[in-house]
Amino acid sequence: MVMIKTTWVSLFALATVLLMILAPAAEAVTCSPMQLSPCAAAITSSSPPSALCCAKLKEQKPCLCGYMRNPSLRRFVSSPNARKVSNRCRLPIPRC
């Protein structure tokens with residue numbers, strides 16, 4: 001009986017270690033409005049967003065509510081052109 005418990009505990013420990021090693025680590029996003037600079041032309045004009053713009057927008061998605069709350073950034077992030085960029089990049093606008 002003790003041998004069976006020891007085996008199960010060992011298997012559980014091994015499985016836990018394997019999950020910790022093999023599970024992809026979540027990367028923290030550094031919120032920096034400057035990361036959205038590739039989107040500046042698309043947000044301030046009617047030009048379409050570049051692939052880099054869409055990639056950066058998706059990368060900064062966890063930060064968008066913070067940008068919307070910032071009075072200095074709100075007019076850019078919440079503008080009609082910013083909404084068009086978001087739609088073209090297929091990124092839903094977060095509800096904050």
Side-chain angles (χ1 to χ4, degrees):
M1 182 79 161
V2 173
M3 181 85 155
I4 293 173
K5 282 186 179 181
T6 305
T7 302
W8 279 109
V9 169
S10 297
L11 285 174
F12 181 73
L14 178 63
T16 303
V17 170
L18 285 174
L19 281 173
M20 289 172 49
I21 292 170
L22 299 177
E27 292 183 33
V29 175
T30 301
C31 293
S32 170
M34 292 307 296
Q35 293 293 314
L36 297 177
S37 62
C39 300
I43 291 174
T44 59
S45 69
S46 59
S47 62
S50 65
L52 179 59
C53 167
C54 290
K56 290 293 185 180
L57 193 58
K58 289 175 183 173
E59 180 183 291
Q60 291 286 302
K61 182 181 177 182
C63 308
L64 294 178
C65 286
Y67 299 158
M68 289 177 169
R69 288 185 199 108
N70 183 324
S72 301
L73 301 173
R74 183 181 309 136
R75 64 185 172 131
F76 298 108
V77 181
S78 300
S79 72
N81 279 346
R83 293 182 185 280
K84 288 178 187 176
V85 169
S86 179
N87 288 337
R88 287 192 177 177
C89 291
R90 296 184 180 168
L91 181 74
I93 297 170
R95 292 179 185 237
C96 307

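Because the structure is predicted, anything quoted here is derived from the model rather than measured. Index from 1, following the sequence.
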Nearest 0.5 Å please: distance from the CG atom of L36 over to the OH atom of Y67. 5.5 Å

Look only at the side chain of Q60 and the backbone of T30, and say whether a donor-acceptor pair between them is shorter than 3.5 Å. yes

Pairs of donor and acceptor atoms involving the side chains of residues 84-96, under 3.5 Å and at least two apart or interchain, shall be tabulated with distances.
from : atom 1 : to  : atom 2 : distance (Å)
S86  : OG     : L91 : O      : 2.3
N87  : ND2    : R83 : O      : 3.3

Mind checking what makes side-chain hydrogen bond (donor to acceptor under 3.5 Å, both in side chains) contact with S47, not counting sequence neighbours? S45

Mind listing the closest non-hydrogen atom pair of C53 and P38 along with its distance? CB-O, 3.7 Å

Which salt bridge (Lys or Arg N to Asp or Glu O under 4.0 Å) pairs, counting each pair once, include a residue from residues 42-52, with sequence neighbours left out? none

Using side chain to side chain contact (heavy atoms under 4.5 Å, CB included) as the criterion, list what pairs up with S37, not counting sequence neighbours. none

For S32, the side chain to side chain contact (heavy atoms under 4.5 Å, CB included) test, sequence neighbours excluded, returns M34, Q35

Pairs flagged by salt bridge (Lys or Arg N to Asp or Glu O under 4.0 Å) wherever residues 46-74 is involved - sequence neighbours left out: K56-E59

Scanning both residues in full, the closest heavy-atom pair of N81 with A42 reads CB-O, 4.0 Å

Can you list the steps and then say if L64 with L57 is a side-chain contact (heavy atoms from CB on, under 4.5 Å)? CA-CA 9 Å; L64 294 178; L57 193 58; 4.3 Å; yes

